Each structure stands twice: as C-alpha cells, then as structure tokens.
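Worksheet: the structure to be examined is printed underneath.
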Protein chains: 2
Amino acid sequence: MAKPDKRHEIMRAALDLFAEQGFHGAPMALIAERAGVGAGTIYRYFENRDILIKELFNELEADILPFILDGYSDQAPFRARFIHLGSRLLRYFIQHPLHFRYLEQFHNSPYGVAHRRDKILGNEGKCNVFKELFEQGSAQQVLKDLPLPMLIALAFGPLLGVARDHILGFVRLDEELIIKTIEACWDTVKR
Amino acid sequence: MAKPDKRHEIMRAALDLFAEQGFHGAPMALIAERAGVGAGTIYRYFENRDILIKELFNELEADILPFILDGYSDQAPFRARFIHLGSRLLRYFIQHPLHFRYLEQFHNSPYGVAHRRDKILGNEGKCNVFKELFEQGSAQQVLKDLPLPMLIALAFGPLLGVARDHILGFVRLDEELIIKTIEACWDTVKR
DNA sequence: AATTTCGGAATGAACGTTCATTCTGTTACC
DNA sequence: GGTAACAGAATGAACGTTCATTCCGAAATT
C-alpha cells in the first residue's frame, strides 16, 4: 500500500481499457503502454493478468461501500434506508461510469460467476449491507414474500438496467429521474 | 435454409459452447469437434467467426418472437398483455437456459452493444412488440411518466435478473414464482 | 566530496502457446 | 470423369508471460 506510482498507474490504465474495450480489447502490452510502463513491469506488481483483474474488482468494491454508506442510519425507517442505499448506489454509477462498465464486464465473465457463487454462501463486502437489509425487510413483512435472492435480483435489476441506459447514453438521468428510478425499484419489492 | 445437417449441427455446437463457456472458451476447432465436422467445414457455412456469432443471435431472436406471441391478443386489457408477454418471455428463458445464457453473452460484448445502438433508432424484432406496448401504456397514462427507454429497462431488469438467478441455480422458479416475478415487474412500471 | 559498489526496480525482446483462417489432398456424388 | 463437399494439417498473427540486461539511487569507501 506504500508504492503508489506505477502500481496505481497500471490499475488506472487497466480499468480504463477493460471498461471501454472489454477484457478482449485490452492486451497487457497496451495496458503497459497506457500506464507509461514496460510490459514486464506489470508483473512486478501483479502475478498475472487474472490477479490484476481480480484486484481491480476488489478495489472498486472497497470504493463503493463507504460511498453508499455515507449518511446511512440503521435506525431510519425501512423504506428510507432502501431509498438511501439505492440512490447512493445509482449516483455512484453515474459519477463513475467506467467503474460501472468494469463491474459489468467482470460480472459477465468466468471471474464474476465464480465470485458470485462464493458470495451466495458465506459473504462479505457490499452485499452484506444489502443482504441484511433485505432479510430484515422480509422478517418485518414489508417486502414481498419471496426468496431472498429473488428480492435482491428484483431490486437491483431495474437499477442496473437504468444505470446501463444512462451510461450508454440512451437516457440522461437527472436528479428527478434518479429518485423516480429508486422509487420504481421500491415498488418492485415492496409488499 | 435448405441445407440442414451440417449447418445446423455447427450452430447447435456453437450455441452450447458459447453459452456454457463464453466466447473465449469456444475455439473454432472445438466447435467443429462437437459438431462432428472438420474445422474447415465451418467456413463453408459461415464466412467467419463473427458472422457465426451474429447469425446465432438472429436465429435465437427469431425463435423467441413467435413463442411469446403465442396466445397474445392486442385486444386484451393493457395489464393482461404485459403479464402475458412477460411471463411468456420468462418461461422461454426457463425452458431454454442455453439460449438465455447465449443472449447474455452476446449483449455483453462488442456485438451486443453495436446491435443495441441500431435498435434504439429504427428497429425491428422482439423489441418492436414491446416498444409498441410501452408506447401505448405511456399514452394511456397507465405506466409511470418516464422516458420510454427507462420504462423498458425498469420492466426487463427484474425479469432478467430473476431469470439469471434461476438459470445459475440460485433459486428455482416454479409456476407461482414466475407469476409473482412478472407481477413484480408490473409493479415496477405501473403508475 | 567524489567515486565506486550494489540491490532491486524496470524494461522490452524473445518465447511458447493458442487460435482463426486457409490450403491441400481425399472422398462422395452426379 | 468432373465437380462440389469435406477433413484436418498448415499457417501466421496475436497474446500472456519470462528473463537477461539496463538503469537508478542509495550506501560504502576513499
């Protein structure tokens, strides 16, 4: 954590390229070039390509959590907490379109599926807050009577779809549309 | 359309491999082997790999439309039509998990994004029915007052998310859960 | 203070592998 | 016997990774 320069440049370049071109369109040589670094140098910081990809994902995930938790209170009413987390998350994606596109690439890849399998059993990271929230909502009967994974899919599905549309330029989300989007997500899962 | 044997076997093998392993994990040689065909033979039926991928997509799309339109009446009340199309689509994905996974692969790839761009302007295929439906719903004020692309994203997001969960084995959708899923989608977009 | 030594960070050419595509000889059909 | 279909080996490009070498700044030595 105390060697910022090259390592950071490599991650930045890799994030840009992966997000914009997909994993395909981003050979190591190109990442190196964009990072202003020799090809071999990457391997001083990352054992191999897969590990670079995974570390990038971990970094992004670690970045998101504090952002969405900012101003969050577990004492607030259920719906308010849902709206808070949802709209923070959507805002994060809007502010960091490359992060969003990277995460989508990651999830639609062998890495992502493997990662998902693990999460379903024990788990940590971003999901934990959400999972906790949804479990509570289920118990309090404020959410629809459905299995937990379904509730999560139902709530995130529209959010991600709208974020994708915004980032690909098919709609332009302003403050009002952000709110309406999250309220629509709420309608999806509320009892 | 009048040379079924080899061509069809190649498409079947390619669909299986692409869906299960992603575009990466499916080299032409392997597709050929699984199709019981020489590697060069593929190129008698498809100019190159990209075209095979695109034709596969077109075939799937052409397959879906009649399936979801089966029993559809444009005279039925709006909500009933929405539920009909949605649950037919979800059922299709459940009955054809490989098709679903292929379509996801396709959409998260350069092909898919390009294809999407075209659709947004003029368009044909599956989207047309849905687009028409949503436009009508907007006009009749039975749907939320949001831009059309957002309504589509909001309605499809949860459907696709739940289908993904089912196909990856995270939930098991039965008849009741299918209905509840589509009703949740309806809640997402209804005014 | 100037000079030398030294550790390890950085480099990029070279390697081995993988893969889409093409080529070539063979088989099947009319 | 000629033509089209076919299989699979050959080809060459692209890529991830390695490694012998260079480079650089910080001790050590004078």
Side-chain angles (χ1 to χ4, degrees), chain A residues 1-59 102 105-106 108-115, chain B residues 1-59 102 105-106 108-115:
Chain A
M1 265 296 146
K3 6 166 190 169
D5 247 351
K6 304 256 161 119
R7 185 175 215 276
H8 183 262
E9 279 307 293
I10 292 166
M11 289 186 97
R12 201 190 46 71
L15 172 62
D16 286 7
L17 281 169
F18 287 146
E20 279 164 12
Q21 320 277 346
F23 290 123
H24 297 259
M28 298 300 267
L30 187 54
I31 295 172
E33 186 186 320
R34 291 265 196 117
V37 140
T41 305
I42 295 179
Y43 293 86
R44 297 199 52 75
Y45 295 95
F46 304 94
E47 201 179 321
N48 57 45
R49 174 175 241 255
D50 284 8
I51 284 182
L52 168 59
I53 287 171
K54 281 176 200 147
E55 289 215 11
L56 216 30
F57 173 78
N58 290 334
E59 204 203 43
Y102 181 83
Q105 296 283 344
F106 184 85
N108 288 282
S109 74
Y111 313 109
V113 178
H115 189 268
Chain B
M1 263 296 148
K3 4 166 189 169
D5 246 353
K6 304 254 162 126
R7 185 175 215 277
H8 183 261
E9 279 307 294
I10 291 166
M11 288 187 98
R12 201 190 45 73
L15 172 62
D16 286 6
L17 281 169
F18 287 146
E20 278 164 12
Q21 319 278 347
F23 291 123
H24 297 256
M28 299 299 270
L30 187 55
I31 295 172
E33 185 187 320
R34 293 265 195 117
V37 142
T41 304
I42 295 179
Y43 291 85
R44 295 199 53 75
Y45 294 95
F46 303 94
E47 200 180 323
N48 57 45
R49 175 177 241 256
D50 284 10
I51 284 180
L52 169 59
I53 287 171
K54 282 178 200 148
E55 289 216 10
L56 216 30
F57 174 79
N58 289 334
E59 204 203 42
Y102 181 84
Q105 296 281 345
F106 184 85
N108 288 282
S109 74
Y111 313 109
V113 179
H115 189 268

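Hydrogens, waters and symmetry mates are skipped; everything else that's a heavy atom, side chains included, is used. These numbers come from a predicted model, not from an experiment.
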Original post:
With the sugar-phosphate defined as primed atoms, P, OP1 and OP2, and the base as all remaining atoms, what B/S/- string results for nucleotides 20-30 of chain C, 5' to 3', for protein heavy atoms under 4.0 Å?
Top reply: SBB--------
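- The aromatic rings of B:F106 and B:Y111 lie parallel to each other, with less than 30° between the two planes, well short of the 60° mark.
- Counting to the nearest Å, the P atom of D:dT18 and the CZ atom of A:R44 are 13 Å from each other.
- Taking only side-chain atoms of A:K6, from C-beta outward, the nucleotide of D:dA7, D:dA5, C:dA10 with the closest atom is C:dA10.
- In this structure, B:L52 CG and B:Y43 OH are separated by 9.0 Å, a value rounded to the nearest 0.5 Å.
- When rounded to the nearest whole Å, the span between CZ of B:R7 and P of D:dC6 equals 13 Å.
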Name every donor-acceptor pair, under 3.5 Å, that has one atom in a side chain of residues 12-33 of chain B and the other anywhere in the protein, sequence neighbours excluded.
residue : atom : partner : partner atom : Å
B:R12   : NH1  : B:D16   : OD2          : 3.4
B:R12   : NH2  : B:E9    : OE1          : 3.0
B:H24   : NE2  : A:H24   : NE2          : 2.8

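- The side chain of B:T41 lies closest to D:dC6, out of C:dA10, D:dC6, D:dA5.
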Subject >> B:I53/B:Y102 under side chain to side chain contact (heavy atoms under 4.5 Å, CB included): CA gap, chis, key distance, verdict >> reply: CA-CA 10 Å; B:I53 287 171; B:Y102 181 84; 3.4 Å; yes
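- When rounded to the nearest whole Å, the span between CD of A:E33 and P of C:dT11 equals 13 Å.
- Atom CD1 of A:I53 is separated from atom C1' of D:dC15 by 13 Å (rounded to the nearest Å).
- The interatomic distance linking B:I31 (CD1) with D:dG8 (P) rounds to 16 Å, in whole Å.
- A:I10 places its CD1 atom 14 Å from the P atom of D:dG16, with the value rounded to the nearest Å.
- A:E47 CD to A:E55 CD: the interatomic distance, rounded to the nearest 0.5 Å, is 10.0 Å.
- Between the C1' atom of C:dC19 and the CG atom of B:L52 lies a distance of 15 Å, rounded to the nearest Å.
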**OP:** Go through the steps to decide whether B:Y45 and B:M11 satisfy the test side chain to side chain contact (heavy atoms under 4.5 Å, CB included), and finish with yes or no.
**Re:** CA-CA 10 Å; B:Y45 294 95; B:M11 288 187 98; over 6 Å; no
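- Rounded to an integer number of Å, the gap from CD1 of A:I42 to C1' of C:dA10 is 12 Å.
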